[in-house]
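So the structure is just underneath, and the comments pick up after that.
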Amino acid sequence: MTKKWWHGKTAYQIYPKSFYDSNGDGIGDIPGIIEKLDYLHDLGVDILWISPCYPSPLADQGYDISDYYNIDPRFGTLADMERLIAEAGKRDMVILLDLVVNHCSDEHEWFQKACEDPEGEYGGFFYLRKKNGDGTPYTNWRSYFGGSAWDELPGTDYQYLHSFHKKQPDLNWENPRLREEVYKNINWWLEKGLGGFRIDAIINIKKALPLRSYEPDREDGLCSISAMLKEARGVGTFLQEMQEKTFRRHDAFSVGEVFVERQEEIPDFVREGGYFSSIFDFSGTLFGKSDKGWYDYTEITPDDYKKCCFEAQDRVADVGFLSNIIENHDEPRGVSRYLPAQDLCLESKKLLAVMYFMLRGLPFIYQGQELGMENMPFASIDEIDDVSTLDEYQVALRAGLSEEEALRSVLRLSRDNARTPMQWDDGENAGFTTGKPWLRVNPNHTAINAAAQRNDPDSLWSFYKELIALRKDPVYGETIVYGSLEPVWEERHNLMAYYRRGERLLLVIGNFQKQEQSVTLSSDYKKTLINNEKGLERKGRGLVLKGYQALVLELEA
Ligand code: GLC
Ligand code: CA
C-alpha cells in the first residue's frame, strides 16, 4: 500500500456552533476555534473537521448551505477561515470542511433562479416535477426528517425533491453543469490550503431513475427513501469523476459519510485510488435502529458492539482505512450509548476509548469526547432544537406512546445530546460563552470539563493524549496504523479483544463488565503500553482483568 500523509493521523470533529464563542453572542465561531488551537495541538490531534460554517438559514444547523464560497457572519468571515487554515498549518494540523452537495439551501441563488424559471438552466440543477393533477406528491417517499420528500416549488406548478428538510432541495447530479459547479467549488477551497473534506450524505446523490413510488412501509402511506436507494446504481461513476477532478489533484484527504446499501461495494470506496480516502464506520450507530422510528430502538450491548466492529473490520481488512468513531454531531454521546448507565465511570470511559481507538483505521474524536461528555438530561421536548428529534417525537406519539414515553425514547438518540456546548471549565456556561448559549449547557460541566482534566495525569483527557501519541510512536506506530486486525476470544461474553499484527504483535483487550475476567495469553507477555488501571495482575501467560480494565500489551511475536 502506498503510504499517504494522513494514514497515521488522528482526526477531531468540531461542531463550530458549540465549540467556543469568542464574542459573547452565544454561538461558537471561527475566531473561537483559533483561540483553542493550542488546546487541540496539545491533545495531539492533527486533522480538524469543521462541521458547516457557510452562509445558511440554519434550518438543519448549517447543512443547508446558501453560499458555498463564503462563511456565515455568525461564525466569522472568509478571512477568519483563511487565518484558521494558516494557524492550523503552523501547528502541523490541517482543516477539513464539510462538503454538503446532495442538497443546498432553498435560499441558495440556484434555487431562487429555479423558482423564477423552472424550465431554465437552474431548474435543471434540481429534481423538479410537474404537479400531479390531484396535487399529490410525485412519489411517496418520506423525507429523512419526516413528511413527504416533495414540496411545491414556490410560485410555480412544479414540485421539488428534498430528501431531508424542505429547506434542503436535492441537487441533480445527473446534470453535468451542476457537477462542474461542485468540482469548481471543491478546488477553490483546496487551493486555499484546505486538507480536504468530510463528505455529507453522499450516497443520496444517485437516485434510481425514473423516480417512482414504492411499497408504503408505515401508516402514513409513505416509504423510506432507502427503498429507492437500494435500487439506485452507479453512484460510483459520479464519485470517481469527483475524485479525479478534485481530491486527487490536490492529494487531499476525503472521508465519506457513506451508508452503503450493498456492503460488497465498500472496498470501491476505500481502496487505493477509490472514491474516498476513507469512509466512516457506522455499524455501531446503525445497530438497533428500526424502520418504525427511534422509539422502537434496541439498545446495543457490549457483545453487539464487538460484533459490529469486527464485521466492519473484516469487510475492509487491509484494502483501505475505515474512519472509526463512537459519536458525532448526529448521534448521542458514545459513553452514554455503549456503556451501561450504571457503570459509567472514568475507567469504563477509558475502556471504550481504547477499544475503538486501536481498531485499524483512522480514529475520529468528536469535541468533548476526550472529556467524557455525556448525554444531556433534557427535561422537556421544548428544550430540543434538532429537527430530526422533533420529528421522531411526533412519530413516537403517533405510534401511541405517551408524551413522557415519547420524550424518553427520542432523548436516547437525540442529536442534541452531542450538540450542547463544549465544557471548558466549571464556571458559568462552562466557559463556552460570556453570553447566553444557543443550547443549554449540560449541568454536569461542574464535574466534567477541560480545565479540571488537562493537568490531571489520570484524567480521560490525558488518556486520550496517550492513545494519540501511541499512534505516532516510532516503535509501535507502524503496527497500529498498518498492522492487520485479528479478533481473539470472540465468543467470550463482555470481553472484546483483538491482535494488531505488524512489525510488532499487540493485544488490545477490554473487560466490559464490573466482574473480573481471566484469559490465557497465546504467547509471552513483553510490555504494557496502555492500562486504564493502576496495576496488572499477571502470572506468566495468565491474566486477570479487573472490572472495566482495558489494556494494550505487546506480546512476543
Ligand atoms: C448528514 C449530516 C447531518 C445532516 C444531514 C443532511 O447526515 O451529518 O447533520 O442533517 O446530512 O445534510
Ligand atoms: Ca460568537
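Residue numbers start at 1 and run along the sequence shown. Each ligand, and each atom within it, is numbered from 1 in the order the structure gives. Here the structure is a predicted model, which is why all the values come from computation and not from measurement. For the numbers below, each heavy atom of this structure counts, side chains included, while hydrogens, waters and symmetry mates do not.
Side-chain contact of Asp391 with Tyr144: a donor-acceptor pair under 3.5 Å is absent, judged by distance alone.
Residues Trp49 and Tyr366 place their aromatic rings such that the two centres sit no closer than 6.0 Å. Taking the six-membered ring for Trp and the full ring otherwise, Phe126 and His108 have centroids separated by 6.0 Å or more.
Ring geometry, Phe111 versus Tyr160: the interplanar angle exceeds 60°, so the pair is classed perpendicular (tilted spans 30 to 60°). Classified by interplanar angle (parallel below 30°, tilted 30° to 60°, perpendicular above 60°), the ring pair Tyr39/Trp461 is tilted.
With a 6.0 Å cutoff to the six-membered ring centre and a 45° limit on the axis angle, Arg179 does not count as a cation-pi contact of Tyr183.
Ser56 and Asp64 make their closest contact through OG-O, 2.7 Å (heavy atoms, listed as atom of the first residue, atom of the second, distance).
Between Arg74 and Asp21, no side-chain nitrogen of the basic residue sits less than 4.0 Å from a carboxylate oxygen of the acidic one, so the salt-bridge criterion is not met.
Pocket lining of ligand 1, defined as residues with a non-hydrogen atom under 4.0 Å away: Asp60, Tyr63, His103, Phe145, Phe164, Gln168, Arg198, Asp200, Ala201, Glu257, His329, Asp330, Arg415, Arg419.
For the Ca ion (ligand 2), the set of protein N/O/S atoms nearer than 3.0 Å consists of Asp21 OD1, Asn23 OD1, Asp25 OD1, Ile27 O, Asp29 OD2, ordered by chain and number.
Atom NE2 of His250 and atom CG of Asn187 lie 4.0 Å apart (nearest 0.5 Å).
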